[in-house]
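Everything below concerns the one structure shown next.
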Amino acid sequence: METQVAIVGAWPAGLVLARLLELAGIESVVLELRSREYVEGRVRAGVLEQRTVDLLGAAGVADRLRREGMVHEGLELRFGRRGHRIDLSGLTGGRCITVYGQQEVVKDLIGARLDARGELLFEVAGLSVDELESPRPVVRFSHAGRDVELRCDVIAGCDGFHGVCRDAVPAGALTVYEREYPFAWLGILARARPSSEELIYANHPRGFALHSMRTPEVTRLYLQCEPGEDVDAWPDERIWAELQTRFELEDGFRLNEGEIFDKGVTPMRSFVVEPMQHGRLFLAGDAAHIVPPTGAKGLNLAVADVEVLAEALRAFYADGDERALASYSERCLRRVWRVQHFSYWMTSMLHRPPGQDPFEAQLQHAQLAYVCGSRAAATTLAENYVGLERV
């Protein structure tokens, strides 16, 4: 097989890139190890920045997002048994966030890809990438009982943290920066109406908690736990009791409870590789960076990466100009490190590390009080949360 761009990974980064290239008349093949059912069913983050929503709209894949997505103009920081609203829209000139599950974004993108009769192969096996420094790198895999060698101009490695693309870069060519946090999130999905119209980030002496939602009938909730926590040690009754405690208010507050139909533990990690490219291989999304989920940035950062890559590829195929491709990593990393800092800041401000002493707890409360009491500090949070337009 031959194509212009081989895209490894049918997750948001790879699928958005394929869509942007299709609209620019650039041919691509998307390859995915997992089944379509697995990719469309995996529950992940669901907070979309304004710029992500705008890009999906411009790409013609936001009809269902606009019908079903829940637009939020603010969020709440809760600490000391009091709630404090951050007016995201008012502080950022009308920008906001939209709650719409990642799996729904993936379904929309897969549907658009198949409607356009674009190449999208699921359940490929034995996938490898090679000859990255040549003008025509190669992706080898097997599919439907045949071995395939796919030649292309560029490989986009959008296959996640555990994918094959990053590991194909020669030893010593990449620098790794990482940090593992001493806590994790226990997340649940419950058949219960959301208890608030907006997200609630709670700092409590027993640990962090987050109130979110997926639909008007389904609530998404998280609570801070140990990294190696056994989900079986958390029966539904214990989860609800702990969540009720961490969200308590002086004047009373009670979460709506319901059947818990999904639960799991998410580790907390910061990870970046530099550069995000080697030869004709370009890494995007989780293949190049991981952020702790506190800032709701993973999917949004992946989309920002491929927006830059698509722009560079348009210039390359229009007139052979490789300057934008050469600067891909540099451009992306400016945003990556800004987002890493924001996510680290939110995580540090809201979570209780093991063995936290009273002095550290007071520092956290002072920081939270400043963010909620200073328009300048609240604006910093708001503009980062809804997504910086330029970095």
Side-chain angles (χ1 to χ4, degrees), residues 1-33 55 59 109 112-113 116-122 124 126-141 143 148-161 163-170 173-174 273-289 301-336:
M1 294 177 66
E2 291 195 355
T3 191
Q4 291 176 300
V5 181
I7 301 173
V8 182
W11 300 95
L15 293 167
V16 170
L17 177 60
R19 179 65 174 178
L20 296 177
L21 296 181
E22 173 199 330
L23 295 175
I26 299 169
E27 183 182 272
S28 68
V29 174
V30 183
L31 306 171
E32 173 54 47
L33 297 175
L55 182 143
L109 289 163
R113 180 72 174 175
R117 300 187 182 279
E119 287 275 10
L120 172 55
L121 304 180
F122 291 101
V124 305
L127 192 149
S128 64
V129 298
D130 201 3
E131 302 178 35
L132 303 179
E133 297 175 19
S134 75
R136 295 284 286 174
V138 61
V139 183
R140 296 185 178 91
F141 61 95
H143 183 259
V148 180
E149 182 175 285
L150 174 63
R151 289 281 172 180
C152 55
D153 300 320
V154 166
I155 299 173
C158 306
D159 52 343
F161 183 76
V164 303
C165 288
R166 188 179 67 249
D167 289 344
V169 177
L174 300 178
V273 292
E274 293 188 10
M276 290 170 55
Q277 62 193 93
H278 180 81
R280 288 297 181 94
L281 171 67
F282 297 83
L283 302 174
D286 288 2
H289 42 71
L301 194 53
V303 171
D305 288 345
V306 296
E307 183 180 14
V308 173
L309 183 55
E311 179 185 323
L313 287 167
R314 284 195 295 269
F316 173 66
Y317 284 111
D319 53 21
D321 186 349
E322 295 193 35
R323 288 176 296 176
L325 281 176
S327 63
Y328 165 75
S329 179
E330 178 186 353
R331 291 181 62 195
C332 287
L333 284 168
R334 288 198 294 268
R335 181 176 295 274
V336 167

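Since this is a predicted model, take the numbers as computed values, not measurements.
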Does the side chain of [Y] come within less than 4.5 Å of [X]'s, by heavy atoms?
| X | Y | result |
| --- | --- | --- |
| Leu20 | Leu313 | no |
| His289 | Met276 | yes |
| Val129 | Pro137 | no |
| Glu330 | Arg334 | yes |
| Trp11 | Asp286 | no |

Roughly how far, to the nearest 0.5 Å, is the [atom2] atom of [Y] from the [atom1] atom of [X]?
| X | Y | atom1 | atom2 | result |
| --- | --- | --- | --- | --- |
| Leu325 | Arg280 | CG | CZ | 7.5 Å |
| Asp159 | Leu33 | CG | CG | 7.5 Å |
| Glu2 | Asp153 | CD | CG | 9.0 Å |
| Ile155 | His278 | CD1 | NE2 | 11.0 Å |
| Phe282 | Leu132 | CZ | CG | 10.5 Å |
| Cys158 | Ile7 | SG | CD1 | 6.5 Å |

Sequence neighbours excluded, the answer for side-chain contact (heavy atoms from CB on, under 4.5 Å) partners of Val308 is Tyr328, Arg331, Cys332
Determine the minimum heavy-atom distance between [X] and [Y], stating which atoms define it.
| X | Y | answer |
| --- | --- | --- |
| Ser327 | Gln277 | C-OE1, 4.3 Å |
| Ala287 | Val273 | O-CG2, 4.3 Å |
| Arg136 | Arg151 | O-NH1, 2.8 Å |
| Val29 | Leu31 | CG1-CD2, 3.8 Å |
| Ala13 | Ala302 | CB-CB, 4.0 Å |
| Val306 | Ala284 | CG1-CB, 3.9 Å |

- Under 3.5 Å: donor-acceptor pair, side chain of Arg335, backbone of Leu301: no
Quick one: does Gln4's side chain have a donor or acceptor within less than 3.5 Å of a partner on Glu27's backbone?
-> yes
| query | Do Arg113 and Ser28 pass the side chain to side chain donor-acceptor pair (under 3.5 Å) test, and can you show the C-alpha distance, the side-chain angles, and the key distance before you say yes or no? | reply | CA-CA 11 Å; Arg113 180 72 174 175; Ser28 68; 3.2 Å; yes
*Stepwise, does the side chain to side chain contact (heavy atoms under 4.5 Å, CB included) test hold for Val148 with Val124?*
CA-CA 10 Å; Val148 180; Val124 305; over 6 Å; no
Is Arg19 salt-bridged to Glu22, going by a charged N under 4.0 Å from an acidic O?
yes
Exactly one candidate in Leu120, Thr3, Val5 meets side-chain contact (heavy atoms from CB on, under 4.5 Å) with Val30; the answer is Leu120
